Amino acid sequence: MKKNVMLIMALLVWFAGSATAQETVTRDTIYGDPMENPQPTDDHYRVVTNRFWDNWFVLANIGGHAFLGDYGSVGDFKDLLSPDFNVGVGKWFTPGIGAKLQFGIGNSKGFSKEQNYFTEGEQLTAADGTPYWQSEMKWWDLNVNAMFNLSRLFCGYEGKDSKRLMNQFIVSVGLGALHHRAIEAQRNEWSGHFELQYSRFFTKKKALSLDVKARAMLYQTNFDGITLKENGEDSHWWDMNVGLSVGMTYYFKKRDWDRCEPCARPIYINNTVLPATECPEYGTMVFYVFFPNNYSGRNDAPIVADANVNAIDYLAGGVFTQRKFDDADAVASRLDAGLPFTSLATSDVPTEKASAVSADGTPRGYEMSASPISLSMDAGSMKSFKDKWGYYYAPMYTGNKTWYYRVDRETATQTLLSGDNYRENASYSLNAHAGLDLVKQNMKVDEGTDVYSFADVYAAIEGDGGIMAQAADANTVARLNEILSQGRILYVMAEGLATSQDNYTGRDADKIGEERNKTLAYNRALTVTKWLRGNAKFSRAVQGDFALNALTNPIVTVNDKSTQGLNAKLNRCVKVRIHYVIDK
């Protein structure tokens, strides 16, 4: 599904000339690389529709109903109750709209003041002296229903593997063909169906639901063989079964949807040279944000009550894994006894703005200095940190593995290819101004583009105090502040990269590894984009000024088995391109 999303951005080229001279370039040019693929978005009401064989489900339920016919009042209500059984298959076309085909079988018990092929037994007499017979209509019904998921229609699609909307309400309306069985006469008729369904899911995969349904089935008024009441009274407009049922629904893969936003079209620009005195200053700047192995930051906020755990702040100034041991006394006791800590509880601690954290010799921030971010688990290092910051830092444990830097929780249980991949053992200052030359040497730099370090951009946006005073360059930060304060942001494009390194060795390892790394690349770009969009320096840029370029192949082949080599670190990144203008 493709719509236009990129805003038209004029890139003007001016040549030196007289103050009154003016020239028009008649050749149109094409700016930018048109995006070929749908791009993800946070819009809960926009999804990519799936293939025909996706989003199917099967259902089964059992319940009971009361038959409401023309003569329901002459006998006891309990004699109107009957069981029924229902199975079906269906498909969701979007998260909110679907269809299902159902087959039901049961019987309906009622009363009649006249004998017909449904009545049975001896004549009975009502309390007012009216004679009547009990009747039973045995049937099966095949029906087609339109389904409307009210929860998703009103609240939006919750996303893949989300804990949102574990309780959902669904309305179904349809028509059916009903056949009366076990009678000599051939009776067939139309039926109308209405259901209000409550579904409870128990896992975020939402593969299986427990369903409770309130149902009504309507029939033409002679369903029970009665067309007129006695004494010349008109019959009801219809007969119906009204009941409740309980059952299960199983959803086959693929059972979720991807979100998308419009793809861009080529933008044709007719460049016009204006007098020099009228020329605003157009510019493009690029910066890279480099990430640790298996870390995108997507699950980092909010997870501490009334506090912020921010992925970008962690990359700029975070320490170790941003986790602490909850019981400091237990840690101290085990340090003295030389015992392990793997059974002790840990929790997240809030991140702080790197501009507000003083440099105290503790390694902080990923690739922000010549020191790697990993810390040692020896007693001296842990006690020294406790004396400075008030808590014992903790790595992310997973069995007998210990990650010595933060990872996404969903990848914490992965087994890496070599032991050194659990610890950051080298740093090239790629995120700091000191490593900017190394970045320029190894990454393609477009002509006419100014390249900055992540530390420089962070200092300009969040403040240049604290450890940022060491990681950023003061003159560069001043230039960025000039752009952000005097200029207008025209367009922001983020592209994520991941490496080919993956630890999965099971069935379809290549395919699974590729999909996992594509997801990492996208999530990294989304993390950086959310940071920029939420900052006051970018408040004048509207949502449409930001875009994620989900590359067709965002994976760079790295043959090194270690995740700590320069080539691996360079390609775990997000490239951000910002177009701006400073009006003169």
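Remember, it's a predicted structure, so these values are computed and weren't measured experimentally.
In this structure, the side chain of Asn86 does not engage the main chain of Asn61 through any donor-acceptor pair within 3.5 Å. The backbone N or O of Asn116 sits less than 3.5 Å from a side-chain atom of Thr119, completing a donor-acceptor pair. For Tyr157 (side chain) and Trp257 (main-chain N/O), a donor-acceptor pair under 3.5 Å exists by modelled atom type. Formation of a donor-acceptor pair under 3.5 Å by the Ser209 side chain with backbone atoms of Asp211 is not found in this model. Remark: the backbone N or O of Gly174 is not paired with any side-chain donor or acceptor of Asn143 at under 3.5 angstrom.
A salt bridge does not link Lys163 to Glu158: none of the charged nitrogens lies less than 4.0 Å from a carboxylate oxygen. Using a cut-off of 4.0 Å between Lys/Arg side-chain N and Asp/Glu carboxylate O, Glu189 and Arg187 are scored as salt-bridged.
Two rings, from His180 and Trp139, have their centers 6.0 Å or more apart.
The only option from Tyr71, Tyr132, Trp133 that meets the ring pair (Phe, Tyr, Trp, His ring centres under 6.0 Å) definition with Phe111 turns out to be Tyr132. Considering Tyr405, Tyr295, Trp531 in turn, Tyr295 is the only one that fulfils the ring pair (Phe, Tyr, Trp, His ring centres under 6.0 Å) rule with Tyr314.
Remark: Arg323 fails to qualify as a cation-pi partner of Phe320 under the 6.0 Å distance and 45° angle criteria applied to the six-membered ring.
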Q: Walk me through it: do Thr351 and Ile312 pass the test side chain to side chain contact (heavy atoms under 4.5 Å, CB included)?
A: CA-CA 9 Å; Thr351 50; Ile312 299 298; over 6 Å; no
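Here the CZ-CH2 distance, from Phe57 to Trp92, works out to 6.5 Å after rounding to the nearest 0.5 Å.
You'll find the side chain of Gln102 stays beyond 4.5 Å of the side chain of Leu142, heavy atoms only.
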